[in-house]
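Heads up, the thing below is written out as structure tokens.
Residue numbers begin at 1 in each chain, while the letters A, B, ... track the order of the sequences.
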There are 2 protein chains.
Amino acid sequence: MISRKLYNRISLLRKERDISRKDLAEKIGVNFQTVGYLEREEYNPSLDLAFKISEYFNLPVEFIFSTKPMKPLSQELYDKTKNQ
Amino acid sequence: MISRKLYNRISLLRKERDISRKDLAEKIGVNFQTVGYLEREEYNPSLDLAFKISEYFNLPVEFIFSTKPMKPLSQELYDKTKNQ
DNA sequence: ATATTTCGTTGTATATTTACAACATTATAT
DNA sequence: ATATAATGTTGTAAATATACAACGAAATAT
């Protein structure tokens, strides 16, 4: 299958919680370089890996990963407040 | 990575919409045997493949795939109505 | 200032997903 | 009843994800 590029917010979420790649990697049970590859968006994770990350951050898969480029959280939040 | 077994509702959703594996496979751009492997839960799809299926059925990834065995839709719906 | 941790990156090996061909079985249509 | 389509399955090849080692650069702590 020709995979589309997938975007993600892993690095952002990780920084918000101030944990290192190594820590995150240990928590979800993968190699720390694998987290690096993911953050650089160099490949598409397996669904199980996506679930592990989603469970760790306690957020839906669709919030962390997307087929379209991610807006910064700040802007997305601002847009949301504006529309209400 | 040692992947957990993932459960899914692909076959159910496909039957609800009365489309064949071949049709679904064409729509999401994979081989029709790949849909077979997925329905038999013989491997974990890539996140991109999961997204394609989720987009096709217009349902969240978490509704279609789960780390825990899926309840029949009928029971899940009944539980929902009971709780309200 | 120096040590330590984290990050970015590259390369190679292994594991897993996906494609594809083949064929028997079951279901559906004519 | 026969043809056609759909399914279940197996095997092999290919593509892609992940592990792991290595190393230099940047950031942080002491």
Side-chain angles (χ1 to χ4, degrees), chain A residues 1-57 59-70 72-73, chain B residues 1-57 61-70 72-73:
Chain A
M1 188 187 50
I2 297 141
S3 275
R4 291 170 293 186
K5 178 175 175 55
L6 293 188
Y7 302 88
N8 71 71
R9 286 185 168 133
I10 299 172
S11 132
L12 221 74
L13 293 170
R14 190 168 58 69
K15 277 165 193 160
E16 274 192 346
R17 290 167 209 221
D18 202 28
I19 65 164
S20 71
R21 284 184 180 170
K22 195 151 154 287
D23 286 343
L24 175 58
E26 271 165 23
K27 290 287 167 64
I28 61 183
V30 295
N31 196 276
F32 83 94
Q33 285 106 329
T34 299
V35 174
Y37 277 108
L38 283 176
E39 291 188 0
R40 273 174 270 128
E41 296 169 341
E42 290 184 18
Y43 60 51
N44 304 142
S46 65
L47 180 55
D48 188 35
L49 178 47
F51 271 148
K52 283 177 182 164
I53 294 169
S54 147
E55 285 159 15
Y56 176 81
F57 287 117
L59 290 167
V61 170
E62 280 91 349
F63 186 82
I64 306 179
F65 297 93
S66 169
T67 56
K68 291 190 290 275
M70 295 287 192
L73 284 182
Chain B
M1 188 186 50
I2 297 141
S3 274
R4 293 170 293 187
K5 178 176 175 54
L6 292 188
Y7 302 88
N8 71 70
R9 287 187 168 130
I10 298 172
S11 132
L12 221 74
L13 293 170
R14 189 168 58 70
K15 278 165 193 159
E16 274 192 348
R17 288 163 211 225
D18 201 31
I19 65 165
S20 70
R21 284 184 180 172
K22 195 151 155 288
D23 286 342
L24 175 58
E26 271 165 24
K27 290 287 168 58
I28 61 183
V30 296
N31 196 275
F32 82 95
Q33 285 106 329
T34 298
V35 174
Y37 277 106
L38 282 176
E39 292 189 1
R40 275 173 268 128
E41 295 168 344
E42 290 184 20
Y43 60 51
N44 305 140
S46 66
L47 180 56
D48 188 34
L49 178 47
F51 270 148
K52 282 176 182 165
I53 294 169
S54 148
E55 284 158 15
Y56 176 79
F57 288 116
V61 170
E62 279 90 350
F63 186 83
I64 306 179
F65 297 94
S66 169
T67 57
K68 290 189 290 275
M70 294 287 192
L73 284 183

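Close to C:dT17, at under 4.0 Å from its OP1 or OP2, lies a side-chain N or O of B:Asn44. Between A:Ser46 and D:dA17 there is no side-chain N or O to OP1 or OP2 distance below 4.0 Å.
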Please test A:Phe65 against A:Ile53 for side-chain contact (heavy atoms from CB on, under 4.5 Å), starting from the C-alpha separation and ending with a verdict. CA-CA 10 Å; A:Phe65 297 93; A:Ile53 294 169; 4.0 Å; yes
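For NZ of A:Lys22, the number of neighbouring non-hydrogen atoms (other residues, nucleotides, ligands) closer than 6.0 Å is 12 at most.
Residue A:Tyr43 contributes atom OH, which lies 14 Å from atom P of C:dT17 at whole-angstrom precision. Taking atom CG of A:Leu38 as the reference point, atom C1' of D:dA17 lies 9 Å away to the nearest angstrom. Atom CD1 of A:Ile28 is separated from atom C1' of D:dT18 by 12 Å (rounded to the nearest Å). Taking atom CG on B:Asp23 and atom P on D:dA5, their separation rounds to 12 Å, with Å as the unit. The CD atom of B:Glu26 sits 13 Å away from the C1' atom of D:dA6 (whole-angstrom rounding).
Of the residues near DNA chain C, A:Arg40 and A:Met1, the one whose nearest nucleotide (by heavy atom distance) lies more toward the 5' end is A:Arg40. Heavy-atom nearest nucleotides on DNA chain D were determined for A:Leu47 and for B:Glu39, and the one closer to the 5' end corresponds to B:Glu39.
Of the options B:Leu49, B:Thr34, B:Asp23, a side chain to side chain contact (heavy atoms under 4.5 Å, CB included) to B:Ile28 is made by B:Leu49 and by none of the others.
A donor-acceptor contact closer than 3.5 angstrom is absent between the side chains of B:Ser46 and A:Asn44.
Separating the CG atom in A:Asn8 from the OG atom in A:Ser66 is a distance of 10.0 Å, to the nearest 0.5 Å. Distance check, rounded to the nearest 0.5 Å: CZ of A:Phe57 to CD of A:Glu16 gives 9.0 Å. Of the inter-residue distances, the one linking B:Ser54 atom OG with B:Glu62 atom CD reads 9.0 Å to the nearest 0.5 angstrom.
The closest side-chain heavy-atom distance from B:Leu12 to B:Met70 is not below 4.5 Å.
For A:Asp48 and A:Lys52, the salt-bridge test passes: some basic side-chain N is under 4.0 Å from an acidic carboxylate O.
Heavy-atom distances under 4.0 Å link DNA chain D to B:Arg14 of residues 3-19 of chain B, given in residue order.
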Within the 4.0 Å limit for protein heavy atoms, which parts of nucleotides 21-30 of chain C are touched? Write it as a string from 5' to 3', B for base, S for sugar-phosphate only, - for none. BB--------
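When the nucleotides C:dC7, C:dT18, D:dT7 are ranked by their closest atom to the side chain of A:Ser20, C:dC7 comes out on top.
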